[in-house]
Amino acid sequence: MLENLPKNYDPKDFEDRLYSFWNDNGYFTPEINKDKRPFTIMMPPPNVTGSLHMGHALNNTIQDILIRWKRMEGFEALWLPGTDHASISTEVKVVEKLKSEGRSKEELGREAFIEEAWEWTHLYGGTIKNQLKKLGVSCDWSRDRFTLDEMLSNAVEEVFIRLYEKDLIYRGDRIINWCPSCHTAISDAEVDHEDSHGHIWHIKYPIKDSNEGIVIATTRPETMLGDLAVAVHPDDERYSHLVGQTVILPLVGREIPIIADSYVEMDFGTGALKITPSHDPNDFEVGERHKLGQFIVIDEDGYINENGGEFRGLERFEARKIVAEKLKEEGFLVEVKEHDNAVGHCERCKTIIEPLISKQWFVKMEPLAKPSLEAYYKGELNFVPERFGKIYVHWLENIKDWCISRQLWWGHRLPVYYCDECHEIIVSKEPIHHCTKCNSDNIRQETDTLDTWFSSALWPFSTLGWPEKTEDLEYFFPTDVLVTGYDIIFFWVIRMIFSSIEQLGEVPFKDVFLTGLVRDSQGRKMSKSLGNGIDPLEIIEQYGADALRFTLVTGNTPGNDMRFYTERVEANRNFANKLWNATRFVLMNLDEEIKEPSIEGINLEDEDKWILGRLNKLKKEVKSNLDKYELGLAAQKVYEFIWEDYCDWYIEMVKSRLYGDNKGLKESAQNVLVVVLKDTLKLLHPFMPFITEEIWQHLPGINKALILEDWPMEDSSMDFNEAEKSIEFIKSAIKGIRNARAEMNIVPSKKASLIFVTDNEDIKTTVEKGTKKFMTLASAESISFKNDKTSLGDDNISVVLEKCEVFIPLKELIDFDKEIERLEKEKDKYLDEINRVDNKLSNEGFISKAPAKLVDEEKAKKEKYTDMLNNVLERLESLKKA
RNA sequence: GGGUGGUUAGUUCAGCUGGUAGAACGCUACGUUGACAUCGUAGAGGUCGUUGGUUCGAGUCCAAUAUCACCCACCA
């Protein structure tokens with residue numbers, strides 16, 4: 001066994017091997033077993049052509065921890081992986097690729113373009129899956145899904161048709177966000193608003209048959225070409241006499257009315273607002289109210305169209321400049337001011353959005369939002385952390401209809417057919433060749449595809465075969481928890497919830513665990529353009545997946561952003577190395593005849609009971625933390641247990657037994673060492689799956705893989721209070737002795753005689769039992785006892801403990817000043833403590849209102865510290881006399 | 001204009017239901033004892049952004065304020 005564990009931990013030796021071992025044996029694939037409970041997580045599908053970044057690494061690590069833990073707890077744990085076709089972003093990439101080859105989407109035509117996109121998908125798709133495997137994700141690859149799979153596409157069409165038939169999907173001419181670069185409509189959620197420096201122009205519109213004019217304010221003078229009215233507030237006395245009159249639009253000469261509408265803010269700008277229904281969402285609504293009609297002046301490429309008269313053909317920002325200049329020349333421009341406002345940008349390509357009137361498909365949101373809100377209020381949804389619930393509510397309460405049609409080719413084509421004879425609209429999964437109404441064969445299919453989030457919204461059930469009543473769907477749905485970044489609550493989380501409620505009548509998951517963003521060490525968002533992204537694969541290559549996983553899950557808290565420090569990965573790699581070497585130690589000192597290590601029928605020493613008690617407490621706490629999604633706290637506790645309790649203390653305390661010649665003591669130590677290590681590996685496994693599995697398989701008495709083991713449960717028979725107390729006393733005595741010796745610059749290797757001065761029998765017994773420990777851990781040469789210290793001379797170091805004092809005689813001349821200095825420090829420490837306790841105890845309110853237990857504790861502390869202080873004072877007095 | 005989060009050791013962050021402030025990294029001193037120098041032992045370092053309030057007691061609850069970050073939003 002031992003020869004298989006090299007001296008240094010090198011994850012590259014086994015991570016890939018173990019991943020294949022698990023995966024090839026089908027350990028990631030659950031069975032449909034009605035006698036066991038399922039636990040399901042749907043992996044947020046990464047973009048099929050994407051590559052792994054730290055955000056993926058973070059949320060997949062969290063999912064893997066949860067799924068491995070639940071699997072060990074005995075659930076049939078399904079973690080379903082997959083990828084997303086990511087319509088717009090993939091299409092943009094393929095278009096770019098074509099462009100670099102001197103080709104274009106248009107010249108290729110739809111079918112050939114989709115071929116190209118599939119090729120691209122096959123070429124770059126799947127790399128992210130291999131990258132995920134490096135991380136150790138235990139997801140069920142036999143159920144791997146892709147949003148454009150036949151099964152999932154079927155679900156998409158089914159939902160579309162159902163919603164259409166319920167009048168929850170409609171088609172209409174509405175003002176939408178148009179990206180002139182991607183050449184498609186996008187939804188509100190896909191628009192990023194960024195503050196930008198700009199100007200506000202005050203323009204005077206002359207009033208017909210009058211010398212008067214009305215001054216309007218605008219940030220987009222070029223849109224005046226499409227003005228259909230000037231609006232003022234109904235209560236605005238400055239303008240009330242003008243309402244109903246006509247204005248002559250400068251430059252173009254068109255006549256438009258002055259209307260009153262309460263949308264106008266009287267105290268902003270001039271209080272008069274130009275209305276351009278075709279190019280501004282608010283103006284659109286005003287236009288609807290006043291039946292102004294439409295007048296489109298900007299086309300889908302962002303150029304002024306034929307309605308723009310002499311400005312026709314100008315690019316929109318060029319037009320802005322020229323229109324403004326022209327207005328100035330002709331004397332209509334009153335003033336130009338600096339002005340900041342939020343401008344909408346395409347989330348994908350950063351182009352400034354152009355609001356346009358366009359015929360698009362929409363999902364009617366209000367009827368869908370309502371049940372989603374109710375589900376939340378009924379407590380069917382639980383956000384971790386809770387505060388995201390508010391964001392969910394706010395969005396749903398202010399929701400607008402969802403524009404789902406995209407003028408793209410890569411994606412799910414709408415199952416919609418138009419009859420050009422009778423203008424019937426037919427929705428159908430099957431291709432339609434004859435109109436169902438007039439039987440004409442003058443039929444064409446809608447060319448638009450669906451928003452990529454339309455298919456992702458169905459992910460929790462489309463992946464399980466819905467609308468078919470599959471066994472998978474029956475058993476694994478609804479899922480248990482969704483783990484994703486808070487940045488896609490609006491895009492994805494909410495849409496999954498309302499889709500699931502609408503189609504299946506229940507929420508798709510109960511818990512929503514939201515992770516923060518992983519930032520660079522300076523707190524900046526990692527991005528390609530900044531070039532500050534840290535590649536998870538490089539980190540894995542250098543430090544191993546376990547170290548990366550541990551880093552991502554500790555030291556941060558759900559929903560909060562974290563900074564990524566390579567130094568932390570290094571520290572966690574060191575932790576893995578520590579565990580590795582602790583195991584080597586255990587195996588090195590394990591007798592061959594111990595085949596099935598166990599603590600059954602074994603005489604446990606105090607230190608054994610102590611470590612078993614600590615382990616038991618750890619099991620309890622880890623379980624409690626995991627139940628509350630406090631993964632970082634759980635991981636931290638396992639870390640501390642291994643490094644401090646197990647390595648620094650237990651192993652050190654047990655060495656004298658292992659090296660000694662008492663066979664019984666030796667064997668019991670060997671058994672306890674292995675038993676504790678095994679349970680610890682189980683507890684650590686979800687966090688560090690590779691190293692724990694590797695070590696596990698080198699231990700004796702193993703009959704199955706760690707990944708399949710049972711989760712260790714708390715056992716109250718493993719609490720040993722007395723033993724714990726004695727070991728804690730011994731620990732504090734050893735620390736005190738080491739401390740004093742270090743302060744006095746006594747070389748650690750130099751052995752010392754220890755004289756314990758105490759009249760407390762329990763302490764005497766404890767110390768006697770712990771003699772070996774003092775020998776090895778406190779470099780003791782001998783141990784003796786005295787009932788009082790009167791006979792002891794001055795050339796000693798004195799270590800004050802509770803109910804006990806330890807004297808260390810010095811062979812050389814003691815540096816009295818230094819010892820006095822050290823004891824003075826001790827004295828101050830106890831004085832501070834006593835002072836603090838006194839303050840509390842002399843507080844009438846504390847005595848009467850604090851719990852009695854607490855008051856007693858404080859009284860006991862006072863007694864203890866006073867006692868210790870007195871010892872220090874006596875010692876000081878004695879030294880000062882000498 | 002609304003809303004949320006952060007502000008705790010030199011740095012990055014934990015700190016669950018209020019009861020003597022923790023970790024990691026870094027730093028200082030010492031140490032090649034037969035698991036580990038990817039290590040060990042000991043140590044230094046914090047009036048928990050500010051001001052009030054509730055309480056016997058507040059990093060922890062409440063209010064205000066400063067500052068940074070983010071999200072939402074139709075003031076042209």
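Since the model is a prediction, treat every value here as computed from it, not as a measurement.
- Checking side-chain atoms of A:Arg238 against main-chain N and O of A:Met266 turns up a donor-acceptor pair under 3.5 Å.
- Nearest nucleotide to the A:Asp648 side chain, out of B:U41, B:A14, B:U20: B:U41.
- In the set B:A37, B:U20, B:G19, B:A37 carries the atom at the smallest distance from any side-chain atom of A:Lys7.
- Under the Watson-Crick or G-U wobble criterion, with both distances below 3.5 Å, B:G45 has no partner in any strand shown.
- Side-chain nitrogen and oxygen atoms of A:Trp643 include none within less than 4.0 Å of the OP1 or OP2 phosphate oxygen of B:A35.
- Residues that satisfy the ring-ring contact (aromatic ring centres under 6.0 Å, His included) test with A:Phe687, not counting sequence neighbours, are absent from this structure.
- If you check every strand for non-hydrogen atoms under 4.0 Å, A:Lys861 touches a base.
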What pairs of nitrogen or oxygen atoms, one from the protein and one from nucleotides 42-47 of chain B, lie under 3.5 Å apart?
residue	atom	partner	partner atom	Å
B:G43	OP1	A:Asn739	ND2	2.9

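- Nucleic acid contact for A:Phe575: none, since no nucleic acid atom lies under 4.0 Å from a heavy atom of the residue.
- B:A14 is unpaired under the Watson-Crick or G-U wobble criterion, no partner having all donor-acceptor distances under 3.5 Å.
- Phosphate contact (OP1/OP2 of B:U12, side-chain N/O of A:Arg563, threshold under 4.0 Å): present.
- Using a 4.0 Å cut-off, no side-chain N or O of A:Lys849 falls inside it from OP1 or OP2 of B:G57.
- Between B:C36, B:A76, B:A69, one nucleotide has an atom nearer to the side chain of A:Arg519 than all others, and that is B:A69.
- With sequence neighbours excluded, the residues forming a ring-ring contact (aromatic ring centres under 6.0 Å, His included) with A:Tyr486 are A:Phe388, listed by chain and number.
- In the interface, the side chain of A:Arg568 is not paired with the base of B:U12 through any donor and acceptor atom under 3.5 Å apart.
- Among the protein residues, A:Glu833 comes within range of the nucleic acid bases, having at least one heavy atom under 4.0 Å from a base atom.
- In this structure, A:Lys655 is positioned above the aromatic face of A:Phe585, its NZ or CZ under 6.0 Å from the six-membered ring centre and within 45° of the axis.
- Of the listed nucleotides (B:U38, B:A76, B:A14), B:A14 has the atom at the smallest distance from the side chain of A:Asn556.
- In this structure, A:Asn739 contributes its side chain and A:Lys735 its backbone to no donor-acceptor pair below 3.5 Å.
- Side-chain N or O atoms of A:His279 include one that pairs as donor or acceptor with a backbone N or O of A:Val297 at under 3.5 Å.
- The environment of CD in A:Glu863 is sparse: at most 12 heavy-atom neighbours from other residues, nucleotides or ligands sit within 6.0 Å.
- Across every strand in view, B:C75 sits unpaired, with no contact that passes the Watson-Crick or G-U test at under 3.5 angstrom.
- Remark: the separation of the C1' atoms in B:U20 and B:C72 is 44 Å, to the nearest Å.
- A:Val586 comes within contact range of no nucleotide atom at all, as no heavy-atom separation falls under 4.0 Å.
- Taking only side-chain nitrogens and oxygens, A:Ser779 never comes nearer than 4.0 Å to OP1 or OP2 of B:U33.
- Between B:C36, B:U38, B:A24, one nucleotide has an atom nearer to the side chain of A:Asn574 than all others, and that is B:U38.
- A donor N or O paired with an acceptor N or O is found under 3.5 Å between the base of B:U20 and the side-chain atoms of A:Arg836.
- Nearest to the side-chain atoms of A:Thr218 among the listed nucleotides B:C74, B:U12, B:A76 stands B:A76.
- When each of B:G40, B:G34, B:A76 is scored by its nearest atom to the side-chain atoms of A:Tyr659, the top-ranked nucleotide is B:G34.
- Side chain of A:Gln670 to main chain of A:Asn589: a donor-acceptor pair is present (N/O by atom type, distance under 3.5 Å, no hydrogens or angles).
- Atom OH in A:Tyr646 sits roughly 14 Å away from atom C1' in B:C36 (whole-Å rounding).
- Taking only side-chain atoms of A:Glu640, from C-beta outward, the nucleotide of B:C74, B:A23, B:G19 with the closest atom is B:A23.
- The side chain of A:Lys628 lies closest to B:C16 when the candidates are B:C36, B:C72, B:C16.
- Between the CD atom of A:Glu570 and the P atom of B:A23 there is a distance of 20 Å, given to the nearest Å.
- Among B:A35, B:C25, B:C74, the nucleotide with an atom closest to any side-chain atom of A:Lys655 is B:A35.
- Ring-plane geometry between A:Trp643 and A:Phe575 is classed as parallel, the angle between the planes falling under 30 degrees on a 0 to 90 degree scale with a further cut at 60.
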